[in-house]
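Sequential numbering from 1 along the given sequence is applied to the chain's residues.
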Amino acid sequence: TQYLCALRSVYILYAFLMIATGYSNMFLRAAEEMAKLQGDTASAKAYHDRFTSGSAQLDKLCFTNGKWYTQVVDPDHPIKVMSDGTFVDALTGWWWGRALGVGDILPIEHVKSSLQYTFQQNHVKAFDPGLQSPRKFFDQRDAGMFIIRWPDGKVPKNALLYSSEGAWTGLEYPFAEQCLYAGLNDIALQVLTEAREKYDGTRRSPWNEVECGDHYSRQMAGFLLFEVASGQSSSYASPNTVNLSFAPRLQFTNYRGFFILGSCWGQYIQSGDEQLSSGNAQLVVMGGQVSLAQLQLSSSAAKATLTVGSAAVTAAVTQTSGVLTVKFNSPLSLKVGQVLNVKLG
């Protein structure tokens, strides 16, 4: 409720708006899953039905041009207008749903198209400070995206206050993550590269990405990049054991990246062929500890050999449609300095 109130204060929910309505639909999907966990089938169905209807209406009303999602402006309250502009923050409800593991709340092809057109319309190779309003964050040495751009180039009357500013990194990180989720890796990496070049330490502090003030919290969305890049997801098999999976979206045949769970952190590493039908994967615990019930990898391998150090690990290994599932015979405990090695094929 507090978050929706904050959205209202910024965006004013008179219009049928992608960001706020997207959040609402994502909340309904999350509520459905929570109701299922509580065994409340009646509430789960009610949330599901409202989500299904809301998601369909959102797509019908806001994807009318067949290219990107737009705002349906309320003629009685034409304020903070976005209308048919390409808005970098439009799909954060969909993004959050993917991050929480509740799936797509909108058709993926429409999402992909909207991201592509938004980047195409909003991106500039060099910012002109004279075109930024009301705040001028960037200059000709900076590349990036504007927050909103309109097809005819004309800013509508009563436009959203921040629409003509250069996109803050707190918007660029989620946009790049959305692109990774949608398989638009080239766009994602360009957005991330340009974001970090703005804060490379030569003109701005790499430890202080400004927005409405110093050390602004929205930029913490960048931390999710670790999970998105590695394709990490997890769930509790019991209060003390975890089901963990990886499906890297970048450098699939030679991946190394950070992972974090509630009780530990470390590195996930994999190398092999394009389907990972053969190769190796490692889970390196560098802090804390974890008890694994199950490990899943994006791999077409039919078998796997598991070890921790010199000790063999017993587990049931199955292959289903390109997903290798390892169910440990008993929970596998890994502590600082220990490495789970998985030899595939």
Side-chain angles (χ1 to χ4, degrees), residues 6 9-11 18-19 67-71 79-92 95 114-180 182 184-226 228-229 250:
S9 69
V10 175
Y11 295 114
M18 278 301 302
I19 182 171
K67 297 177 180 179
W68 64 85
Y69 285 102
T70 60
Q71 175 201 32
I79 60 175
K80 300 193 177 182
V81 172
M82 303 177 199
S83 60
D84 60 348
T86 44
F87 179 34
V88 297
D89 208 25
L91 292 169
T92 48
W95 161 77
S114 193
L115 291 168
Q116 290 172 313
Y117 275 102
T118 299
F119 180 77
Q120 176 183 315
Q121 299 281 4
N122 295 36
H123 183 264
V124 293
K125 295 181 179 179
F127 279 100
D128 180 349
L131 297 178
Q132 296 174 71
S133 175
R135 298 173 295 188
K136 306 178 190 301
F137 286 112
F138 310 119
D139 61 28
Q140 291 88 346
R141 294 168 290 182
D142 300 307
M145 293 187 295
F146 279 93
I147 292 177
I148 304 178
R149 275 292 182 258
W150 284 270
D152 59 7
K154 296 180 181 179
V155 178
K157 184 179 179 180
N158 298 326
L160 178 71
L161 177 63
Y162 306 121
S163 59
S164 293
E165 291 186 356
W168 327 303
T169 53
L171 300 180
E172 290 179 310
Y173 294 147
F175 186 87
E177 290 158 358
Q178 292 161 33
C179 289
L180 287 175
L184 302 173
N185 290 8
D186 289 345
I187 294 177
L189 291 174
Q190 183 172 347
V191 171
L192 292 172
T193 298
E194 292 170 352
R196 296 315 311 149
E197 286 176 346
K198 295 186 187 82
Y199 289 92
D200 64 359
T202 59
R203 293 176 293 133
R204 306 179 186 94
S205 170
W207 313 115
N208 181 17
E209 299 171 41
V210 298
E211 188 179 316
C212 292
D214 290 333
H215 306 287
Y216 203 70
S217 62
R218 194 195 311 264
Q219 283 73 357
M220 293 178 69
F223 198 80
L224 182 64
L225 282 163
F226 292 117
V228 181
L250 297 170

Derivation and outcome, side-chain hydrogen bond (donor to acceptor under 3.5 Å, both in side chains), residues Tyr199 and Gln219:
CA-CA 12 Å; Tyr199 289 92; Gln219 283 73 357; 5.9 Å; no
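Contact record, Ile148 with Gly85: CG2-CA, 3.9 Å, taken as the closest heavy-atom pair.
Annotation: salt bridge (charged side-chain N to carboxylate O under 4.0 Å, His left out) contacts involving residues 184-194, sequence neighbours excluded, are absent.
By the salt bridge (charged side-chain N to carboxylate O under 4.0 Å, His left out) test, Asp128 is found to be paired with no residue, residues two or more places apart in sequence or in another chain being considered. Under the side chain to side chain contact (heavy atoms under 4.5 Å, CB included) criterion, Leu224 pairs with Trp95, Ala99, Glu177, Tyr181, Glu227, Val228, not counting sequence neighbours. Shown here are the ring-ring contact (aromatic ring centres under 6.0 Å, His included) partners of Trp68, two or more places apart in sequence or in another chain: Tyr117. Residues satisfying the side chain to side chain donor-acceptor pair (under 3.5 Å) criterion with Ser83, sequence neighbours excluded, are Trp150. Under the side chain to side chain donor-acceptor pair (under 3.5 Å) criterion, Arg204 pairs with Asp142, not counting sequence neighbours. Residues meeting the side chain to side chain donor-acceptor pair (under 3.5 Å) test with Asp152, sequence neighbours left out: none. Checked against salt bridge (charged side-chain N to carboxylate O under 4.0 Å, His left out), Asp84 has no partners two or more places apart in sequence or in another chain. Tyr216 pairs by the ring-ring contact (aromatic ring centres under 6.0 Å, His included) definition with nothing, not counting sequence neighbours. The salt bridge (charged side-chain N to carboxylate O under 4.0 Å, His left out) test applied to Glu165 returns Arg135, not counting sequence neighbours. When the salt bridge (charged side-chain N to carboxylate O under 4.0 Å, His left out) test is applied to Glu172, the partners found at least two apart in sequence or on another chain are Lys198. Applying the ring-ring contact (aromatic ring centres under 6.0 Å, His included) rule to Phe127 yields the partners Phe138, Phe146; only residues at least two apart in sequence or on another chain are considered.
A donor-acceptor pair under 3.5 Å is absent between the side-chain atoms of Glu211 and the main chain of Trp168, judged by distance alone.
Put simply, the side chain of Thr86 does not reach to within 4.5 Å of the side chain of Tyr69, judged on heavy atoms. No side-chain heavy atom of Ile187 sits under 4.5 Å from any side-chain heavy atom of Leu115. A 4.5 Å side-chain heavy-atom check between Ser163 and Lys80 finds every atom pair outside the cut-off. In this structure the side chain of Lys157 never reaches within 4.5 angstrom of the side chain of Val81, judged on heavy atoms. Residues Thr118 and Leu91 are not in side-chain contact: their nearest non-hydrogen atoms beyond the backbone lie 4.5 Å or more apart.
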